[in-house]
Amino acid sequence: MYNRVTDAIISELSQIVGAENTLVRPDAMEPYTHDHVTGLRADPEVVVKVRSAAEVAEIFRLAQREKISVTPRGAGYGLSGGAVPVMGGIVLSLERMTRILEIDRENLMVTVEPGVITGDLHRAVEALGLFYPPDPASLDSCTIGGNIAEGAGGPRAVKYGVTADYVCGLEAVLPSGQTISCGGKLVKNVTGYNLAQLLTGSEGTLAIVTKIILRLVPLPKHRIDLFVPYADFESAARTVSAIIAQGIVPTAMEFMEQDSLMAVERLLGRELPFRTAAAFLLFQLDGNHPEALQAEFETVGDLCLQHQAQDVLVAKDTTTRDRLWESRRKIIDALTNESPINHMEDVVVPRSQIPALLKGIHQIAANRQVRIISFGHAGDGNVHVNVLKDDLPTGDWERLVPQVAESIYRLTLSLGGMITGEHGIGVTRRPYLILALGEAQVDVMRRIKSAFDPNNILNPGKIFP
Ligand SMILES: Cc1cc2nc3c(=O)[nH]c(=O)nc-3n(C[C@H](O)[C@H](O)[C@H](O)COP(=O)(O)OP(=O)(O)OC[C@H]3O[C@@H](n4cnc5c(N)ncnc54)[C@H](O)[C@@H]3O)c2cc1C
């Protein structure tokens, strides 16, 4: 279906990006064969590390002429296989495009290249008293380009929203080799279809993003974090609903089941507080006025205790709160440490349905006799469900995973949810897209894909069943 990358093509690619940025040796290309989905690998035929939109355009023209597939890649921290070159061909890495081009304080906008690491962007704007809130747990490794492509979220979505809520403008190179600029440093703009938002969350299947304009907000001056243990998850869930009903929107409300924190304890080799509790909530509150923040914090603390919290641990200093959030951010690593082969789902339901979702997931685990550990964003309904292989024989595991995944999806959809909240469809969820959306929606999406990429050379084998 696609042509092979020949020596002549490799030599043309080296002329575009330089020989030192053209990788062909298998050991050099190994890091580009996978992302963070366990067990999914595919070999690229060549990897090119671009430095500009002009180079991307030239590579697209070459790929069109030769009918070769192109897979864009940020840092390879994705959790749905989006950057894995399942059809071989060219992996086009944006890792060298790491410049923060401008922080515009007057317009509260930042312009960046796609390879900027998300945490570096946070630090750069925070040094000027500004704030870019989206905070995927992978923020010290993943790129802004990958965040745009995946529509990434994070704990602060409860109060501040997700990546898409900050995208004001994009420069992107179309598979035809044309470069487009959509949007700009504009707070309002309804000039034609909003292509910047269409590209956001398109998983690198419509165009390659080469420049990004993001909205900033002022950095809140004060912050408090709370860690709250419960004897059962239902009480924790009732607390979340009571806080929202009270008109308080915390910055973040994360939940963890006991098993996930035990796994973190084993990974970090240190004991965490309240280790006998069945469930935990981790809150973050922020604001500019200490008295107002204190009042909110006291209300939240009271509501926790009224809903049978075992205690409320307040982390006002940086060390305590960094340790708490480190525990939350390390859960995925800790679960991989428990069982190197595992399967992660990323379902999302209306926040009030989380208890029903968790009850159903516990039932699925019992019926299938498999260990499932869940954690996630109690404040926005996005639950990460980890199925662990442990010592199950490989054949049993391979039969089990699709059955468990489908049961989890059917349960989620029956609760008014969707099959992925922030990790995307990629390769792993392709078979279930029609189950989630129905034929008519998927058909419109296919036609959008073909309007951007009629020859299907950009990131083939993703999203569509
Ligand atoms: C430990 C861990 C924690 C995580 N926590 C979160 C979390 O809290 N929230 C969350 O949302 N995600 C999370 N993720 C998932 C992941 O970090 C995000 O999906 C992130 O956005 C991926 O960025 P990346 O640079 O690694 O992209 P990659 O994995 O390299 O690529 C992801 C997709 O984007 C495309 N792409 C990359 N750059 C471009 C570009 N410039 N133009 C067009 N397409 C492009 C690729 O083709 C691919 O389809 C986590 C992952 C891990 C491993």
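Start at 1 and go down the list; that is how both ligands and their atoms are numbered.
- At most 12 heavy atoms of other shown residues, nucleotides or ligands fall within 6.0 angstrom of atom CZ in Arg25.
- Taking a heavy-atom cut-off of under 4.0 Å, ligand 1 is surrounded by His36, Pro72, Arg73, Gly74, Ala75, Gly76, Tyr77, Gly78, Leu79, Gly82, Ala83, Leu94, Pro114, Pro136, Ala137, Ser138, Cys142, Thr143, Gly145, Gly146, Asn147, Ala149, Glu150, Ala152, Gly153, Glu203, Gly204, Ala207, Ile208, Val209, Ile332, Glu422, His423, Asn459.
- For Glu345 and Arg429, the salt-bridge test passes: some basic side-chain N is under 4.0 Å from an acidic carboxylate O.
- Interatomic distance, CG of Leu214 versus CD1 of Ile148, reported as 5.0 Å (0.5 Å rounding).
- In Tyr160, the OH atom is crowded: over 12 heavy atoms of neighbouring residues, nucleotides or ligands sit closer than 6.0 Å.
- Between Lys462 and Glu203, none of the side-chain N atoms (NZ, or NE/NH1/NH2) sits under 4.0 Å from a carboxylate O, so this pair counts as no salt bridge.
- Checked by atom type and distance alone, the side chain of Arg51 pairs as donor or acceptor with a backbone atom of Arg96 at under 3.5 Å.
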